[in-house]
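If you read the sequence from its start, that first residue is 1, and numbering goes on from there. All ligand and atom numbering here is 1-based and tracks the order in the structure.
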Amino acid sequence: DDKEYVGFATLPNQVHRKSVKKGFDFTLMVAGRGDPAGLGGESGLGKSTLVNSLFLTDMYRDRKLLNAEERITQTVEITKHVVDIEEKGVKLRLTIVDTPGFGDAVNNTECWKPVADYIDQQFEQYFRDESGLNRKNIQDNRVHCCIYFISPFGHGLRPLDVEFMRALHQRVNIVPVLAKADTLTPAEVERMKNKIREEIDHYGIRIYQFPECDSDEDEEFKLQDQALKESIPFAVIGSNTVVEAKGRRVRGRLYPWGIVE
Ligand code: GDP
């Protein structure tokens, strides 16, 4: 069967055995600012689409989209979407934390603050639970990772991107991604990536560092690992639709000139 897999079922065996019994919690935050509200066009950076593509599910069934006018007056909000995913007998309780309204207001001074406060609160809650008497069934609501979406339409990072990442980099693992990469040519992707890397460096932003791979891995794996690390920020493309390409059904974006898989 052509069932697709996310891949958490292939974690190392030890982790696997424990998790099979209990299932585990994973909380992923998505953030990033689209184009300014009120200028027309789409403001979204494809955050929900990518999450749905990553986890092959529809996390946002009950989402309400705001129009431009509503967006500029809205304050930053923290929303949570939870799904239970089971794959080859492994249970995952996935929570997606989204930050609608981030960067949409006219005055965005410290608009990262509610997000930072939210992350801090989850740490405090976990700390309290761990120091409490009933430690068996603690629910881990800490934010484990934050995928930060960077607009493909700018020239590198925007001031708000820098501000957000600098405010949050001590609190959460930040993985920067270049959103909607299908809107750029390969050369433009490379240019954007270089610019973003330079700026991350220049502003002292500490993004998530992927762990070293084991020294006893084979050469091919090491090269692959190296190539992956060098490609940060990852260029991503999301799609909620399945299209047919060369007789295969793939998740992709159908354009008049072809399909982006
Ligand atoms: P969000 O507001 O950041 O969650 O953005 P959405 O996921 O709702 O996407 C906003 C719009 O961008 C929708 O019309 C999507 O179809 C479109 N979109 C999402 N991902 C991509 C992508 O990778 N490339 C392109 N070109 N468009 C995308």
Side-chain angles (χ1 to χ4, degrees), residues 4 27-83 94-105 108 111-112 114-115 118 143 145-154 157-158 160-161 164-165 168 174-190 192-193 196 231-243 245 250-261:
E4 293 176 88
T27 300
L28 177 68
M29 173 180 270
V30 292
R33 185 212 186 186
D35 291 301
L39 297 184
E42 267 308 333
S43 93
L45 281 180
K47 298 189 292 297
S48 12
T49 307
L50 190 78
V51 164
N52 287 337
S53 310
L54 277 176
F55 296 100
L56 312 172
T57 170
D58 186 6
M59 298 288 298
Y60 291 83
R61 261 160 305 213
D62 47 3
R63 179 163 80 144
K64 181 170 147 264
L65 284 175
L66 301 179
N67 65 31
E69 204 178 324
E70 287 168 316
R71 278 206 314 263
I72 40 176
T73 52
Q74 198 204 13
T75 49
V76 180
E77 211 193 320
I78 312 278
T79 59
K80 279 196 343 181
H81 303 264
V82 183
V83 282
L94 174 71
T95 305
I96 302 294
V97 177
D98 201 348
T99 57
F102 173 73
D104 278 346
N108 285 309
C111 71
W112 46 266
V115 185
Y118 176 83
V143 182
C145 176
C146 170
I147 302 188
Y148 191 84
F149 288 71
I150 298 160
S151 169
F153 306 121
L157 298 180
R158 294 173 178 174
L160 194 65
D161 297 331
F164 180 94
M165 288 195 272
L168 277 284
I174 296 179
V175 176
V177 299
L178 179 54
K180 298 188 177 179
D182 57 318
T183 59
L184 303 174
T185 65
E188 287 167 336
V189 168
E190 239 1 89
M192 267 294 269
K193 283 186 168 202
I196 293 167
S231 66
I232 295 168
F234 302 124
V236 298
I237 300 167
S239 156
N240 280 334
T241 50
V242 175
V243 293
V250 296
R251 208 172 244 263
R253 307 187 64 82
L254 177 62
Y255 289 109
W257 41 263
I259 287 167
V260 184
E261 197 175 322

**OP:** Answer side chain, backbone, both or neither: which part of D182 comes under 4.0 Å from ligand 1, heavy atoms only.
**Re:**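 Only the side chain of D182 comes within reach of ligand 1.
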**OP:** For ligand 1, note which part of N240 has a heavy atom under 4.0 Å away: side chain, backbone, both or neither.
**Re:**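 For N240, no heavy atom sits under 4.0 Å from ligand 1.
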Determine whether [X] and [Y] make a side-chain contact, defined as any pair of heavy atoms from C-beta on separated by less than 4.5 Å.
{"X": "L168", "Y": "Y148", "answer": "no"}
{"X": "I196", "Y": "I150", "answer": "yes"}
{"X": "L50", "Y": "V30", "answer": "no"}

Is it the case that ligand 1 has an N or O less than 3.5 angstrom from some N or O of [X]?
{"X": "G46", "answer": "yes"}
{"X": "K47", "answer": "yes"}
{"X": "A181", "answer": "no"}
{"X": "G238", "answer": "yes"}

Using a 4.0 Å cut-off to any heavy atom of [X], which atoms of ligand 1 qualify?
{"X": "I237", "value": "23 (O)"}
{"X": "T49", "value": "6 (P), 7 (O), 9 (O), 19 (C), 20 (N)"}
{"X": "T183", "value": "26 (N)"}

Original post:
Nearest 0.5 Å, what's the OG1-CZ distance between T49 and R253?
Top reply: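 Taking OG1 in T49 and CZ in R253, the distance rounds to 7.0 Å.
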Subject >> From L94 atom CG to H81 atom NE2, the distance as rounded to the nearest 0.5 Å >> reply: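 The distance works out to 11.0 Å.
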**OP:** With sequence neighbours excluded, tell me which residues meet side chain to side chain contact (heavy atoms under 4.5 Å, CB included) with A179.
**Re:**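 Side chain to side chain contact (heavy atoms under 4.5 Å, CB included) check on A179 returns L45, F149, P152.
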Original post:
Who pairs with E190 by salt bridge (Lys or Arg N to Asp or Glu O under 4.0 Å), at least two apart in sequence or on another chain?
Top reply: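 If we apply the salt bridge (Lys or Arg N to Asp or Glu O under 4.0 Å) test to E190, skipping adjacent residues, there are no hits.
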